[in-house]
Amino acid sequence: MGFLTYLDRIDRRIMYLLLAVVVIVPLIFPIIRQKTEITPEVMKAYEAVEKLPTKDAPRKDYKIAVISVFFGPGTMAENRPQMEALVRHFFRRGVPFGILPFDQAGTTLAYNKVDQIAKEMNKEYGKDWIAFSWQPIFDQTLQAMATNVPRTLGRDKRYNAPLTDTKRFPIMEGIKTAGDFSMVVEVTPSGTVPAWISYIGQTKKVPIVYCPTGVMVPEGYNFLDAHQIVGMLPGLMGAARYEAALGEKGFATRAAGSLSTSHVLIIVLIILGNIGYFMSLRQRSSS
Amino acid sequence: MFFVPLRGYSLGLAIGACVVLGVLLLFLLTQVPHRYRKPIIIGVTFLFGWFYFLEFMIPGDRATAPVRGILRSAEHKLRLAQTDLEAITVIKGQLTVQYVEGGRTVKRLIPKDELKNLELDKGEVKVVHEDKDRPRLGEHDGVRRVMRAREIMAAAVADLRRAKSEIERLRPQVQRQLDQESKKAEAEAKRYKLTKEMLARDEQGNILNQRTKALRKRIDDLKDAAQKKIDPTIATIESARSELGNLSTADVESIRSVAAAKVEDVSLARSTLSDNFLTPYKETASNINAVIGSFAIGLGVFGLMSLHGKTIRRRRRGWINSLAFYVALFAMALVGFLQKYLQQKSGGQILSDALYSGILFNGAYISLQATMFSLVAFYIVSAAYRAFRVKSREAVLMMGAALLVMLGLVPIGQWMTSGITHVGWLGSFRLERVQDWIMTVPNMAAQRGMAFGIGVGGLAMALRIWLSLERGAYFDKQL
Amino acid sequence: MQHANWLVYLLEGAMVFLVLYKILSARAGRQLFIRRIPGLSAIDEAVGRSTEMGRPMLFSTGLSGIGIVALQALSILGHIIKTAARYRARIIVPTAEPVLYTVAEETARDAYESEGVPEAFNRDDVRFLSGDQFAYASGVVGILNREKVASAFYFGDFFAESLILAENGQQVGAIQVAGTPQIMQIPFFIAACDYTIIGDEYYAASAYLSREPTLLGSLVGQDYSKAIILALIVIGVISMTMLALTTLPFIERVAVSLSEALKG
């Protein structure tokens with residue numbers, strides 16, 4: 001009975017140690033090998049990207065996608081794989097896109113990763129992709145972009161050159177307002193997607209794909225149901241599912257194993273805690 | 001006169017005057033008695049709120065009102081047509097598919113939307129034959145709805161043509177206004193001897209000040225509305241109409257989605273012509289906000305330095321942490337500035353990368369941020385362990401839902417119900433489908449209810465503050 | 001650019017009218033009922049506990065910038081400080097935004113002055129920590145642990161740091177009351193805090209604590225506004241359902257006009 005009642009008050013250090021083990025082990029030794037199912041919201045995002053105009057589209061249909069980077073080092077582990085999966089899909093299809101950072105640290109994190117993927121896939125900066133400079137104020141930038149994108153965003157990150165220089169940045173040719181965005185991908189740990197929906201999505205009819213961290217996912221279903229976003233990558237599992245849709249196995253797919261084991265650990269601890277709770281109640285009522 | 005670009009001595013003088021004025025203003029603000037500071041801060045904050053509120057509420061320019069009215073009418077008609085088409089039941093064509101199961105080839109007939117689930121179940125599936133979708137016109141007055149949709153589409157096309165001729169009538173007027181404003185701008189440029197570098201110009205060579213920019217945008221919006229939205233919509237709707245004329249071959253499903261897309265195009269054309277007189281100033285307002293925000297950062301840093309400086313001076317408990325603050329602040333600032341300088345020196349790039357990117361940024365900042373956020377994972381475990389106790393019926397319900405959602409999200413949970421087929425109603429009992437249902441039905445309903453309440457609460461509070469009715473500890477009397 | 005349409009004018013007008021009407025009627029002397037909100041009732045208990053234990057309290061405004069959410073948090077802060085000032089209990093207020101820091105400092109100073117103990121106000125207890133989310137969280141966690149706070153209040157905009165703060169407060173043994181309009185953070189506060197204010201109870205807090213007629217009237221006006229939204233939802237559901245079942249032109253016009261107006 002002593003051990004069972006102890007289950008009601010397991011030392012949290014033991015729980016933390018167990019968690020560390022069940023997270024680290026599957027990352028190093030990929031022991032979980034289940035196929036990742038592609039859920040409807042991820043599939044919708046995938047299909048939306050499949051319909052985007054590529055860089056070879058006729059001039060009148062030419063548009064660029066924008067990946068809004070709001071994450072920092074804290075949520076990098078969840079958000080960066082989402083961004084990576086979409087970037088690979090954009091590169092694969094030849095969809096021109098720009099990274100638009102609103103987080104200072106996220107600017108470098110996103111830029112370095114996209115640069116690495118671009119080199120891997122032989123994509124050229126200024127033609128296939130571009131990194132805009134960090135924008136300090138979110139709401140006002142969105143509102144200003146509705147009327148003038150090059151002037152609002154100013155310069156690029158790599159060369160600090162004006163975006164109006166279309167000789168250096170052919171990708172920006174013909175891009176004037178947010179209406180010239182083929183898609184907005186919002187990769188964020190915060191509730192920033194309503195602003196994109198209000199200022200750009202609804203007014204300029206730009207499709208939005210939402211990539212929130214796990215905590216913000218329940219809110220995303222509201223927007224999906226109201227057709228205010230066209231698809232969603234819910235947290236790290238969303239990134240793993242998108243990788244499955246692409247037929248690739250990246251970091252997110254590996255990390256899905258850690259997610260599985262940690263969820264099971266939490267469930268086991270909850271069950272044990274309840275057993276301990278009932279045993280303690282019984283002991284107290286009998287004494 | 002105040003808005004003319006300056007250069008040389010006059011620019012230097014203007015900057016100097018602004019700095020002096022700014023310092024004077026800051027000094028005056030520090031002398032303001034405490035009881036007036038709150039109202040000043042609240043007033044300035046909500047002044048900006050008023051700008052954005054008014055910009056949203058004030059209707060668009062009168063000149064474009066007729067066009068918007070006609071486009072609204074066209075949009076309404078297209079929505080009515082869309083509604084009629086959506087009421088028609090479309091029997092989805094079935095697919096004849098072939099796949100290999102247990103070593104033998106299986107051929108069967110399945111509904112179209114089950115193809116994906118079958119592929120998930122069986123792997124590679126080949127589509128041998130695809131039946132066409134058929135509209136069931138005998139139900140919901142199908143034939144009459146199609147006829148009515150055609151008539152409404154014809155009326156919508158007539159409206160769109162009227163909108164287009166109204167736009168063609170308006171464009172020369174706006175062009176004349178633009179030419180007049182451009183002449184005025186040229187005259188001012190000559191008067192104040194402004195150089196090319198000080199002036200921005202558009203492709204036609206017009207000087208771009210606030211007024212000409214707004215007119216330029218109006219012309220571009222009118223042209224885009226006519227050529228990129230209205231013309232393609234007219235062509236598409238007429239083609240959809242003629243297809244609907246032959247009920248036996250009409251693809252009602254695809255005409256429906258075409259109508260829905262064109263409704264959005266017309267709505268977009270209308271909203272691009274909705275600018276009012278405040279809209280051109282949104283960019284200026286955003287720039288002002290950015291400048292004020294930058295000052296606020298300086299204010300915060302000054303406050304921190306003051307606090308930690310006092311802690312170090314008085315050697316209070318934990319003064320080492322305050323010293324660490326100063327070291328971190330100056331190290332990051334110094335290395336950040338040096339980074340630009342070092343990059344120009346030979347070997348400087350390596351040193352700058354090692355210092356800034358290697359040690360300070362990747363080594364310290366990113367690692368610390370990631371560590372702090374990873375604490376959440378650990379805390380979730382202890383919080384869930386402590387909080388999820390079966391103390392009542394509601395707690396059981398909550399725990400059950402939590403377990404289902406947690407398992408449905410991860411591969412292990414999906415594996416647990418992997419034996420259940422994807423196809424048909426049984427597939428609804430797969431964990432990932434149960435999780436999806438919990439997230440999209442009860443979760444959304446609860447969230448929407450809370451969101452409405454919070455939104456209305458925010459509106460009421462904003463109203464109280466605007467009308468200086470707010471009472472309570474912070475507003476101890478009416479402002 | 002998206003601008004208001006007839007439905008926005010109508011709804012805003014109706015909601016504004018209702019709120020103002022109820023405020024005026026409350027001021028005219030009408031008695032209004034507000035149900036008990038356990039979290040807010042527990043504030044006095046929390047202050048008392050802190051006084052008995054001789055340990056300070058902590059009031060965190062989260063990552064709120066100056067705006068409606070922060071002003072509501074400051075209303076609650078003012079009330080707590082007035083209660084604390086009577087017992088000479090200390091309260092530490094870390095903020096994450098410089099402008100809010102100055103406003104919070106004024107609030108705290110005024111609250112102590114209104115209780116006749118201006119000397120009890122310690123400027124260093126109202127602090128700007130950092131605008132960065134996790135730097136702010138680590139700062140607050142440091143304060144919670146070093147000062148061994150007896151009571152912690154979390155009112156404002158919280159994001160991922162909510163669980164970090166609440167769990168550390170739990171480990172230190174503080175009694176915790178939290179309230180935020182951020183729906184996604186409420187589950188974390190519920191799991192880790194003793195009392196949580198959910199949804200629009202947050203905006204009802206100032207009315208509940210002060211019992212000012214203006215605020216109570218506004219609360220009732222809010223409830224009527226929610227009834228209007230509910231009525232709109234019901235009309236929408238009924239008209240969309242009937243649209244699928246009938247071909248009455250009137251129903252079609254209502255349903256299509258409503259859906260057009262709501263889409264903007």
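Below, chains carry the letters A, B, ... as their sequence lines are ordered, and counting in each starts from 1. Both backbone and side-chain heavy atoms feed into the values below; hydrogens, waters and symmetry mates do not.
- Residues meeting the ring pair (Phe, Tyr, Trp, His ring centres under 6.0 Å) test with C:Y208, sequence neighbours left out: none.
- The candidate from C:I198, C:L230, C:L129, C:I190 with the greatest count of non-hydrogen atom pairs under 4.5 Å with chain B is C:L129.
- Across C:R146, C:Q170, C:M15, the residue that shares the most heavy-atom pairs under 4.5 angstrom with chain B is C:Q170.
- Only the side chain of B:R316 comes within less than 4.5 Å of a heavy atom in chain C; its backbone stays farther off.
- Using a 4.5 Å cut-off between heavy atoms, B:T311 makes no contact with chain C at all.
- Interface remark: B:D221 contributes no atoms to any contact with chain C (heavy atom separation under 4.5 Å).
- The candidate with the highest count of non-hydrogen atom pairs below 4.5 Å against chain B, out of C:N168, C:I81, C:L18, C:T95, is C:N168.
- In this structure C:E167 satisfies the salt bridge (charged side-chain N to carboxylate O under 4.0 Å, His left out) test together with B:R386, sequence neighbours excluded.
- Of the two parts of B:A446, neither the backbone nor the side chain holds a non-hydrogen atom closer than 4.5 Å to a non-hydrogen atom of chain C.
- With a threshold of 4.5 angstrom between heavy atoms, B:I58 approaches chain C through N, CA, C or O but not through any side-chain atom.
- Contacts of B:L463 with chain C are made by side-chain atoms alone, with heavy-atom separations under 4.5 Å and no backbone atom involved.
- Residue contact with chain B, scored on non-hydrogen atoms closer than 4.5 Å, involves the side chain of C:I229 exclusively.
- Only one option out of C:V69, C:I68, C:V19 pairs with B:M461 in a side-chain contact (heavy atoms from CB on, under 4.5 Å); it is C:I68.
- If you measure heavy-atom distances from B:Y365 to chain C, the contacts under 4.5 Å come from the side chain alone.
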Next on the checklist: If you apply the rule side-chain contact (heavy atoms from CB on, under 4.5 Å), what do you find for B:R464 with C:S206, and how did you get there?
Outcome noted: CA-CA 12 Å; B:R464 290 198 306 267; C:S206 51; 4.0 Å; yes
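- Side-chain contact check for B:P59 versus C:Y9: some heavy-atom pair is nearer than 4.5 Å.
- Only the side chain of C:E12 comes within contact range of chain B, judged by heavy atoms closer than 4.5 Å.
- Only the side chain of C:D132 comes within contact range of chain B, judged by heavy atoms closer than 4.5 Å.
- Interface remark: C:R211 contributes no atoms to any contact with chain B (heavy atom separation under 4.5 Å).
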